[in-house]
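The block underneath contains the structure these notes are about, expressed in structure tokens.
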Amino acid sequence: MSHIKESVMSAAEIKSVRVRFAPSPTGFLHIGGARTAIFNWLFAQKHNGKFLLRIEDTDAERSGQDMVEAIIEGLRWLNLDWDEEIVSQSRRLEVYKKHAHALVQSGKAYKCFCSKEELAAKRDEAAKKKQDYRYRNDRKCLSLTTGEVEELEVRNQPYVIRLKLPEQPVQFTDMIHGNITVHHKQLDDFIIMRPDGYPTYHLAVVVDDYDMQISHVIRGDDHLSNTPKHILLYKAFGWQPPQFAHVPLILGMDKHRLSKRHGATAIGEYETSGYLAETVLNFLTLLGWSSGDDREIFSRAELVKEFDISGVAKKSAVFDEKKLEWMNGQYIMALTDQELLEKATPYLKKQDWITEEILADQKFVLKITAMLKQRLKRLTEFPEMIAYFFSAPERYEEKAVKKFWKDESVIDILQKISSQLAAIKDFENTSIEAVLRSITDELELGFGKVMNPLRLALTGGSVSPSMFEVMELLGKQNVLERIETACVYIRKNLVEN
RNA sequence: GGCGCAUUCGUCUAGUGGUCUAGGACGCUGGCCUCUCACGCCGGUAACACGGGUUCGACUCCCGUAUGCGCUACCA
């Protein structure tokens with residue numbers, strides 16, 4: 001289907017691009033929804049169009065205002081600004097009603113008084129015979145006379161409105177999947193309005209997309225099978241259908257649709273676990289879309305420039321958090337120290353041991369930030385990696401103690417270091433290094449033999465940035481004290497074991 | 001069950017009939033760098049679901065099969 005990829009929008013089409021993101025507020029903004037929103041947003045940006053937001057809350061029972069807020073918050077975090085006012089389907093009930101009845105008037109739809117139970121029974125019966133039940137095959141209520149319908153209505157008999165389907169196959173072209181044909185026998189006279197006057201999804205979506213003058217419907221693959229119904233509705237109304245693009249779904253590592261058991265699915269959880277919005281935007285866009293070359297890191301502007309529907313994949317993609325982590329690390333490294341500190345501050349403030357006083361010393365914190373930059377994958381790691389800068393270690397990592405503090409000789413080494421460091425006037429990076437180099441030379445020891453025990457003494461662990469820089473920031477006083485404490489500990493430890 | 005959609009390394013993907021002994025990235029892994037970790041660099045690992053066609057030639061086109069997903073609701 002090579003012609004699909006070559007499809008280029010005409011100038012007229014480009015001018016009038018209007019897309020929408022239409023979540024139903026039955027949950028938080030999840031990864032899949034966020035990506036659909038991103039694709040829509042990018043498409044609108046790319047074509048200088050409008051990106052609209054619509055809340056599909058016709059299922060009153062499952063929808064909630066708090067979920068609406070959560071979705072909006074998620075979009076804001078990703079920096080996906082929408083144009084115009086948010087449309088809420090729950091406020092347009094009369095509009096749908098009007099359109100549904102207009103269809104009844106024009107004979108394109110009809111009222112059906114059959115009860116749910118009645119239909120369920122028929123379905124069961126057909127199933128027993130291994131057949132599919134189709135309302136269109138009996139169309140009981142279609143043969144009702146006007147008088148009969150009126151009588152039922154007077155008696156307040158509840159009814160739904162069904163679309164009367166024509167006897168023709170439905171055909172349309174999807175921008176991602178190409179030509180799709182569905183035989184009309186597969187479709188039924190589906191319900192467009194419920195007894196309570198609420199529209200079904202199909203009606204609401206078509207009416208809204210028409211009213212909002214949506215030019216391109218970009219939505220999840222799960223709607224591909226629904227599209228023929230929508231096309232039929234457009235036809236019944238006599239409206240021109242928009243273009244459709246069905247984007248693949250996102251799956252969990254087990255290849256099943258992403259759900260709670262896969263861990264984090266709500267976009268907000270990625271913020272709390274320390275991912276940058278720009279990372280998530282980049283990553284989600286790349287999940288199911290490719291520019292065609294080997295690039296992986298795209299700025300927002302680059303994404304807008306490069307994004308094209310023709311690069312969207314057909315197959316669903318598995319969400320791999322390992323790669324997300326890697327990408328987040330890349331974004332963190334690309335930040336300036338100042339930017340990184342700003343982004344990390346909310347995470348630092350969550351720790352009660354990080355006081356305002358600590359944060360007030362910008363110069364000091366900024367130096368620490370610089371040292372951590374290429375070691376961070378997620379912002380949440382920031383506080384846990386810097387504790388030793390603000391308080392002496394309370395305990396020492398067990399494995400490291402066994403490895404680096406296994407006999408008396410380390411005490412000698414540490415004390416030697418201590419006494420020579422004490423003599424340094426200008427306690428900074430290079431002078432500290434010079435001292436330590438001379439000590440190792442003198443003792444004829446490998447550098448690691450000295451640095452690792454020292455690191456354990458100063459940080460309590462076996463991992464840290466460059467010791468010289470750490471020492472400089474710690475200051476002479478702290479360094480000497482910590483070495484002393486460590487020596488006491490080592491001696492005691494050796495006696496006990 | 002019927003119909004629709006999909007199927008390239010474990011994962012994200014490149015690939016539009018010969019350039020493919022299938023490229024990149026994450027992961028994993030060997031090494032270098034090195035005071036540890038990380039970063040960086042060099043290398044390795046690993047894939048065209050299967051079977052038939054069409055063609056001089058198929059990852060690429062067609063048809064089946066398998067598998068997965070979706071629709072088949074008074075959910076969206």
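We name chains A, B, ... by the order of the sequence lines, and we start the count at 1 in each one. None of the values given here were measured: they were computed from a predicted structure.
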Strictly below 4.0 Å, N to O, side chains only: are D320(A) and K323(A) in salt-bridge contact?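 Salt bridge: no.
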Does a side-chain N or O of [X] approach OP1 or OP2 of [N] to a distance below 4.0 Å, or not?
{"X": "R437(A)", "N": "C35(B)", "value": "yes"}
{"X": "K315(A)", "N": "U8(B)", "value": "yes"}
{"X": "H177(A)", "N": "A6(B)", "value": "yes"}
{"X": "Q330(A)", "N": "G40(B)", "value": "yes"}
{"X": "R134(A)", "N": "G2(B)", "value": "no"}
{"X": "K377(A)", "N": "C39(B)", "value": "yes"}
{"X": "R219(A)", "N": "A76(B)", "value": "no"}

So, under a plain 3.5 Å distance rule, would you say the side chain of [X] forms a donor-acceptor pair with the base of [N]?
{"X": "T200(A)", "N": "C74(B)", "answer": "no"}
{"X": "D221(A)", "N": "A6(B)", "answer": "no"}
{"X": "K323(A)", "N": "A25(B)", "answer": "yes"}

Could you tell me the separation between the [atom1] atom of [X] and the [atom2] atom of [N], rounded to a whole number of Å?
{"X": "K322(A)", "N": "C12(B)", "atom1": "NZ", "atom2": "C1'", "result": "15 Å"}
{"X": "L251(A)", "N": "U13(B)", "atom1": "CG", "atom2": "P", "result": "10 Å"}
{"X": "E296(A)", "N": "C26(B)", "atom1": "CD", "atom2": "C1'", "result": "8 Å"}
{"X": "D189(A)", "N": "U72(B)", "atom1": "CG", "atom2": "C1'", "result": "14 Å"}

For the side chain of [X], counting heavy atoms from C-beta on, which of [options] is nearest?
{"X": "D59(A)", "options": "C5(B), C75(B), C35(B)", "value": "C75(B)"}
{"X": "R162(A)", "options": "A76(B), C74(B), U36(B)", "value": "C74(B)"}
{"X": "F447(A)", "options": "C35(B), G27(B), C37(B)", "value": "C35(B)"}

What is the nucleic acid contact for K449(A), judged by heavy atoms within less than 4.0 Å: base, sugar-phosphate only, or nothing? nothing
Categorize S290(A) for me: base, sugar-phosphate, or nothing, with a 4.0 angstrom heavy-atom threshold over every strand shown.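 The answer is sugar-phosphate, as S290(A) gets under 4.0 Å only of primed atoms, P, OP1 or OP2.
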Is atom [atom1] of [X] surrounded by more than 12 heavy atoms (other residues, nucleotides or ligands) closer than 6.0 Å?
{"X": "F28(A)", "atom1": "CZ", "answer": "no"}
{"X": "K476(A)", "atom1": "NZ", "answer": "yes"}
{"X": "K343(A)", "atom1": "NZ", "answer": "no"}

Determine the Euclidean distance between corresponding C1' atoms of G52(B) and A46(B); express it in Å to zero decimal places.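 These two C1' atoms come out 28 Å apart once rounded.
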Measuring only the C1' atom in each nucleotide, how far is U7(B) from U13(B)? A whole number of Å is fine. 14 Å
Anything under 30° is parallel, anything over 60° is perpendicular, the rest tilted; go ahead and classify F190(A) against H202(A).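 It falls in the perpendicular class, over 60°.
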